[in-house]
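What follows is a single structure, written as structure tokens, with notes after it.
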Amino acid sequence: MGLRPLDLSKWLEYDERCDEELSLKAQLIASDYDAVVATNPEGDDASVELLGEIKRFLHEVHPGRSTDTVASEHPVVQASRLAQEDFCVLVKEDTWRLRAACVCFPSRWDLASKIGTTLDDIHSPVPLYDQELARPTNAFFDRLTPDKSFWRLNWTLLDSPVLHQRTSTRRAPRGDLSAWFFRVERQSLRQLPITRATIFTIRTYVTSAAALRENDDEFVSSLLRALDSAPASVQRYKGWTGVATRLRDAL
Ligand code: HEM
């Protein structure tokens, strides 16, 4: 599962792209609300608690940042306007279900089709999830406590730097490395102390592969190693089939 312990003073990350990304979120919420926000009443209490936790985090860790929000908006939307992260709220019922989310920067998945569903349903397109990850992921959610939080990384290669990628078509990146972007998701998982909901955050970083190659001698060899070692089903899902060969040919 690739989970590492998270120091909660590093829960949310702010960088020089903050203003630009928050205004992009505002545009998407205004123009495409139903694509980027999904809520069920079962997630309302936890969303209120989430908003409170973000405000507390900001007071403690980034005291200069404004925590002003518009109270008439859904709390998960207010939460999303305060950070570069996307937020998902999962509530334990018969099993863990996604009950509220504001996801402005999806990596090729569609939020509306996942709201209300379980961890297993959310991950149904992911190869090997069922066999290798479903059981440990559900067990991890059941064992999570408010005093121990975690983070993990997920990455892929795309031919576009656009943050909002809703289409679920996972085709191979076009062109060569000069046109590719390395897209990394820093995901965090924590349990809220009162509602005991689990908060899943997704922070998306996009960097041009050419810039990474320029600044890091190991980049291309590590990339090739990762592409080569992924099982064929994962390569198909990620749109990586043939990419390593194309990269070698181009070099
Ligand atoms: C320990 C927790 C989790 C693990 C180990 C995990 C693992 C994974 C993996 C391996 C993938 C395939 C992604 C790729 O390689 O590109 C994936 C995709 C995804 N995950 Fe998770 N995940 C976790 C938690 C969550 C949670 C809490 C959500 C809640 C929204 C979530 C939503 C998704 C979605 C939407 C996708 C894309 C699915 C699609 O293609 O439609 N994950 N996850």
Side-chain angles (χ1 to χ4, degrees), residues 1-6 35-40 42-43 46-47 50 76 79-80 85-93 95-145 148-158 164-173 181-192 196-206 226-227 229-241 243:
M1 289 191 291
L3 292 161
R4 299 168 229 201
L6 170 69
V36 298
V37 181
T39 60
N40 293 152
E42 292 89 336
S47 300
L50 164 66
V76 80
S80 183
E85 275 75 6
D86 283 321
F87 291 95
C88 296
V89 178
L90 290 100
V91 176
K92 177 80 192 267
E93 297 165 22
T95 180
W96 290 94
R97 289 180 181 271
L98 179 63
R99 287 305 190 184
C102 183
V103 179
C104 290
F105 307 140
S107 290
R108 306 202 287 196
W109 59 278
D110 168 47
L111 173 62
S113 67
K114 311 270 189 194
I115 191 72
T117 68
T118 66
L119 281 170
D120 292 357
D121 291 339
I122 290 169
H123 290 99
S124 60
V126 177
L128 307 179
Y129 182 89
D130 215 20
Q131 302 95 298
E132 292 180 7
L133 286 171
R135 199 201 292 245
T137 301
N138 280 297
F140 164 80
F141 268 67
D142 284 341
R143 280 199 313 266
L144 196 60
T145 55
K148 277 208 185 97
S149 306
F150 293 85
W151 68 285
R152 65 187 295 274
L153 293 173
N154 188 30
W155 65 276
T156 200
L157 269 183
L158 297 178
H164 178 77
Q165 303 240 6
R166 200 162 84 231
T167 164
S168 57
T169 316
R170 290 170 169 254
R171 55 170 180 76
F181 294 86
F182 190 64
R183 181 172 174 123
V184 180
E185 289 183 9
R186 172 190 182 265
Q187 306 173 340
S188 78
L189 288 143
R190 67 175 287 194
Q191 191 182 61
L192 296 175
R196 299 279 164 158
T198 298
I199 302 302
F200 179 64
T201 68
I202 312 163
R203 175 66 197 284
T204 306
Y205 292 90
V206 178
L227 293 171
S229 61
S233 56
V234 172
Q235 299 214 11
R236 275 194 300 279
Y237 170 73
K238 295 261 209 182
W240 290 351
T241 310
V243 171

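Read the numbers this way: they start at 1 and go in the same order the structure lists the ligands and their atoms.
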Check the angle between the aromatic planes of F182 and W155 and answer parallel, tilted or perpendicular using the 30° and 60° thresholds. tilted
Closest non-hydrogen protein atom to [atom], residue and atom name please, with distance?
atom	value
atom 37 (C) of ligand 1	Y237 OH, 3.5 Å
atom 41 (O) of ligand 1	K114 NZ, 2.8 Å
atom 13 (C) of ligand 1	N154 ND2, 3.4 Å

Quick check on W96 - does any of its heavy atoms sit under 4.0 Å from an atom of ligand 1? no
Can you tell which of [options] gets a heavy atom nearest to [atom]?
atom	options	result
atom 36 (C) of ligand 1	H123, Q187, R183	H123
atom 34 (C) of ligand 1	T137, I122, V126	I122
atom 7 (C) of ligand 1	K238, E185, M1, R152	R152

Atoms of ligand 1, numbered as shown, that sit under 4.0 Å from any heavy atom of [X]:
X	answer
C88	30 (C)
L133	10 (C)
F141	27 (C)

Return yes or no for this condition: an N or O of W155 is under 3.5 Å from an N or O of ligand 1.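 No.
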Is W109 close to ligand 1, meaning an N/O of one under 3.5 Å from an N/O of the other?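 There is no such contact.
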Answer with side chain, backbone, both or neither: which part of L90 has a heavy atom less than 4.0 angstrom from an atom of ligand 1?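 Near ligand 1, L90 shows its side chain, while the N, CA, C and O stay back.
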